[in-house]
There are 2 protein chains.
Amino acid sequence: MKQISTRFSMAVHILSLIAVSSNELTGDFIAGSVNTNPVVIRRIMGMLKKAGLLEVRPGVGGAALLKTPEDITLLDVYRAVNVIDDSQLFRVHEDPNENCQVGRNIEMVLQSELSEAQSAMELRLAQTNLSNLISRFE
Amino acid sequence: MKQISTRFSMAVHILSLIAVSSNELTGDFIAGSVNTNPVVIRRIMGMLKKAGLLEVRPGVGGAALLKTPEDITLLDVYRAVNVIDDSQLFRVHEDPNENCQVGRNIEMVLQSELSEAQSAMELRLAQTNLSNLISRFE
DNA sequence: CACCGTTGTAACCATTATAGTTATATCTAA
DNA sequence: TTAGATATAACTATAATGGTTACAACGGTG
């Protein structure tokens, strides 16, 4: 299956770096830690900016968190970076046959269960914040 | 983001149809209810067979469940159909910089949180079985 | 036995998301 | 003004998905 994009884990990496570091970091330095191309980093940082998690100083460089590490949960990051139209993790096949009892009902009944499962996952993500993560680094 | 494949919802559809129907169904009939190509249905039914949820009578046609609808959970179907190598929902970027405190630790610390979130979702899927779904059809 | 409808697969294709890359415009402080 | 940084567009290779065609194999029925 197609897994959830590494944008998410890279975003957590970026935010952790900024939180841990005392001085301001450039995109190129972050790219070196994540081990990818600086443009990929800037792209993700753009999403984090749009979500209000980050501010970046253009021109001179350097980024800072807009919330404390305690106030940034994994769910915040997940939402900032996994930009889905309807933010639905599961996709249900479209246009089943309405003349069939199953086809007529499957979408609504199943969708409600899948939303519950998605919520369970997101609830768990919301229980971990950046501060929790960082405290476990050695 | 790339969402979870409709193979999953189609598989639930297929199993529901078989569970609801008294007589044996052909792949073509099921394809008509799901509203897709019969080969897509056969492909998914192949996965459900491999997972031990279904048996199919080749030649003559017709399929039957190998477990009762009470004993088939959404998690069973999800696992049967979302064949991932390591069955990890989340993907973490590879080869971060080991010379950096964050790069050195991010993978293990984050992976453990993500596994928890995935488990929360799967646990919820396991709480719903085919019988639950069917009983809600009108 | 021959036929016909079915299942089982392989092969191919168009579409889409991802992650990386190059190139260029813009910004800010020195 | 310049150096170094961000912002963004455009392009690429790769991979998963879902649909399609084609064909082999199976198994009752006539």
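Values below: all heavy atoms of this structure, side chains included; hydrogens, waters and symmetry mates excluded. Nothing here was measured: the structure is a model prediction, and the numbers come from that model. Naming convention: chains lettered A, B, ... in sequence-line order (proteins, then strands); numbering from 1 in each chain.
- For the pair A/T26 and D/dG4, the criterion of a side-chain N or O lying under 4.0 Å from OP1 or OP2 is not met.
- Whole-Å rounding puts the A/I30 CD1 to D/dA7 P distance at 11 Å.
- Note on ring orientation: taking the six-membered ring where Trp is involved, the planes of A/F8 and A/Y78 are perpendicular (angle over 60°, cut-offs 30° and 60°).
- Residue A/I4 contributes atom CD1, which lies 12 Å from atom P of C/dA19 at whole-angstrom precision.
- For A/R7, the side-chain atoms get nearest to C/dT18 when compared with the rest of D/dG19, C/dT18, D/dG18.
- Atom CD of A/E70 sits in a crowded spot, with more than 12 heavy atoms from other residues, nucleotides or ligands closer than 6.0 Å.
- Of the residues near DNA chain D, B/N35 and A/R42, the one whose nearest nucleotide (by heavy atom distance) lies more toward the 5' end is A/R42.
- Side-chain N/O atoms of B/T6 include one lying less than 4.0 angstrom from OP1 or OP2 on D/dG18.
- Considering only the side chain of A/P58, D/dT6 comes nearest among C/dA19, C/dG20, D/dT6.
- The 5' end of DNA chain D is approached more closely, in terms of each residue's nearest nucleotide, by A/G62 than by the other of A/G62 and A/K2.
- With distances taken from any side-chain atom of B/N37 to the nucleotides D/dT20, C/dT22, C/dT7, the minimum falls on D/dT20.
- The heavy-atom pair separating B/N132 from B/T128 by the smallest distance is OD1-CA, 3.5 Å.
- With hydrogens and angles ignored, no donor-acceptor pair under 3.5 angstrom links the side chain of B/R57 to the base of D/dG28.
- Shown here is A/E98, whose CD atom has more than 12 heavy atoms of other residues, nucleotides or ligands within 6.0 Å.
- In terms of phosphate contacts, A/K49 brings a side-chain nitrogen or oxygen within less than 4.0 Å of OP1 or OP2 of D/dA7.
- When rounded to the nearest whole Å, the span between CG of A/D28 and C1' of C/dG20 equals 15 Å.
- Distance A/F29 CZ to D/dA5 P: 12 Å, rounded to the nearest Å.
- The listed nucleotides are C/dT9, D/dT8, D/dT6; the one nearest the side chain of A/V39 is D/dT8.
- The distance from atom CD1 of B/I41 to atom P of D/dT21 is 16 Å, rounded to the nearest whole Å.
- Nearest nucleotide to the A/V40 side chain, out of C/dG20, C/dT18, C/dA29: C/dG20.
- At a cut-off of 3.5 angstrom, counting only N and O atoms as typed in the model, there is a donor on one side and an acceptor on the other between the side-chain of A/R43 and the base of C/dG20.
- A/H93 and B/H13 have tilted rings, their planes meeting at an angle from 30° to 60° on a 0 to 90° scale.
- The nearest heavy atom of DNA chain C to A/P38 and to A/G59 marks one nucleotide each, and the one closer to the 5' end goes with A/P38.
- Summarising the geometry, the separation between CG on A/D95 and P on D/dG18 is reported as 15 Å, rounded to the nearest angstrom.
- Taking atom CE on A/M47 and atom C1' on D/dT8, their separation rounds to 12 Å, with Å as the unit.
- Atom NZ in A/K50 sits about 7 Å away from atom P in D/dT8, given to the nearest Å.
- Using a 4.0 Å cut-off between charged side-chain N and carboxylate O, B/E122 and B/R79 make a salt bridge.
- Proximity of A/S5 to the phosphate of C/dA17: no side-chain N or O atom is located under 4.0 Å from OP1 or OP2.
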